Amino acid sequence: MHHDNTIANRLWKMDLTSNDLTELVRQYDEQYCTSAGECVVFKYDKKKASAVSRRFYVGAGVSYASYAAPDYDARRNSSFSGNTYSGIAPTFIAGADFMFPRFSRFFMAQMELSYTPHRYEASKEMLEGGNPKMTVSELALRFGASYAFCHDCRIRPYVKGGLHLAWNSGMKEKDAAFRYDYGGDVRQTTGDLKYDNELRCGIYLGAGADVGRIRISALWKKAKSSYDGLNEKNCGILTIAYLFM
């Protein structure tokens with residue numbers, strides 16, 4: 001090392017923190033390292049050295065789902081028609097990635113929260129030419145893992161999977177067909193039916209790609225109800241999110 005009284009004096013007076021030492025070495029290199037290969041700087045990278053790093057994202061997309069209403073059950077006052085409801089609804093997501101650079105650059109844990117206000121119509125018309133409709137508000141939490149096929153590429157494809165928990169509220173059939181049994185005299189009519197709030201548990205599988213700070217994701221999910229109510233048949237979500245690096 002070249003002799004430099006100024007830098008030597010600073011060493012005695014400065015706080016010996018990693019940032020101060022890094023800045024001191026940088027100034028020394030700018031002054032004395034005039035050709036490539038003469039000096040080597042080893043700079044501490046806090047992000048790479050940490051055991052766990054994280055990043056957050058927010059986004060929106062569309063959700064396709066189909067639900068089958070149960071057959072008639074007097075205890076629940078449910079639709080006897082067993083309508084199948086399907087449609088597309090907006091969905092909003094926010095989540096976090098947890099990376100473990102000391103373990104692997106390709107695996108990471110994920111946690112995602114989504115909200116979807118479903119508004120669906122039945123697949124067929126029922127009594128009196130009515131077309132039943134269904135409303136369901138779904139708040140879901142997904143946590144699992146993903147595997148990226150390329151860590152340093154601009155386009156980073158990945159696959160993912162994990163557990164899916166959903167809280168469904170405000171479930172209601174509008175203009176649904178149901179019946180009343182008055183001592184053997186069965187009368188059929190249409191009306192509104194409400195269902196209890198429910199917790200659904202299941203799994204999800206998906207794939208996508210990160211392009212710079214943009215994440216494109218598609219997933220399929222399947223969940224079972226905590227009671228024999230609405231039956232979730234097919235559900236998929238397509239979203240675009242922004243990554244906060």
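Because the structure is predicted, anything quoted here is derived from the model rather than measured. Values below: every heavy atom of this structure, side chains too, minus hydrogens, waters and symmetry copies.
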Checklist line | Sequence neighbours excluded, every pair satisfying salt bridge (Lys or Arg N to Asp or Glu O under 4.0 Å) that has a member inside residues 235-245 | finding: none
Next item on the list: Please list all pairs passing the salt bridge (Lys or Arg N to Asp or Glu O under 4.0 Å) test where one or both residues lie in residues 107-117, with sequence neighbours left out.
Entry: Glu112-Arg142
Check: Do the side chains of Leu163 and Tyr204 join up, straight or via other hydrophobic residues, at under 4.5 Å, putting them in one cluster?
Finding: no
Does any non-hydrogen side-chain atom of [Y] lie less than 4.5 Å from one of [X]?
X	Y	answer
Ser53	Pro101	yes
Val52	Met99	no
Met108	Arg54	no
Tyr158	Arg156	no

Check: Say you draw a straight line from CD1 of Ile237 to OG of Ser63; how long is it, rounded to the nearest 0.5 Å?
Finding: 4.5 Å
Next item on the list: With sequence neighbours left out, write down each residue that passes side chain to side chain donor-acceptor pair (under 3.5 Å) with Arg119, or none if nothing qualifies.
Entry: none
I'd like a table of donor-acceptor pairs (distance under 3.5 Å, sequence neighbours excluded) in which one partner is a side-chain atom from residues 212-219, with atom names and distances.
from   : atom 1 : to     : atom 2 : distance (Å)
Arg213 : NH1    : Leu243 : O      : 3.4
Arg215 : NE     : Asp210 : OD1    : 2.8
Arg215 : NH1    : Asp97  : OD1    : 3.2
Arg215 : NH1    : Asp97  : OD2    : 3.1
Arg215 : NH2    : Asp97  : OD2    : 2.7
Arg215 : NH2    : Asp210 : OD2    : 3.0
Ser217 : OG     : Lys160 : NZ     : 2.7

Next item on the list: Taking disulfide bond (SG atoms under 2.5 Å apart) as the test, write out the residues that go with Cys201, two or more places apart.
Entry: none
Checklist line | Chi angles and distances behind the side chain to side chain contact (heavy atoms under 4.5 Å, CB included) call for Trp220, Lys222 | finding: CA-CA 7 Å; Trp220 167 88; Lys222 181 68 174 179; 3.4 Å; yes
Next item on the list: For Phe149, enumerate each residue passing the ring-ring contact (aromatic ring centres under 6.0 Å, His included) test, keeping only those at least two apart in sequence or located in another chain.
Entry: Tyr147
Note to self: Among residues at least two apart in sequence or on other chains, which ones pass ring-ring contact (aromatic ring centres under 6.0 Å, His included) with His118?
What the structure shows: Tyr67, Tyr120
Apply side chain to side chain contact (heavy atoms under 4.5 Å, CB included) to [X] and list each qualifying residue two or more places apart in sequence or on a separate chain.
X	answer
Ala166	Glu138, Ala140, His164, Asn168, Arg200
Tyr115	Phe92, Pro117, Ser137, Leu139
Ala96	Phe56, Phe98

Notebook entry, point to check: Hey, mind stepping through Thr116 and Thr91 against side-chain hydrogen bond (donor to acceptor under 3.5 Å, both in side chains) and telling me if it holds?
Noted result: CA-CA 5 Å; Thr116 308; Thr91 188; 2.8 Å; yes
Check: Members other than Ile88 in its cluster, when Ile, Leu, Val, Met, Phe, Trp, Tyr link by side-chain heavy atoms under 4.5 Å?
Finding: Val62, Tyr64, Leu238
Checklist line | Where at least one partner belongs to residues 87-117, residue pairs that pass disulfide (SG to SG under 2.5 Å), sequence neighbours excluded | finding: none
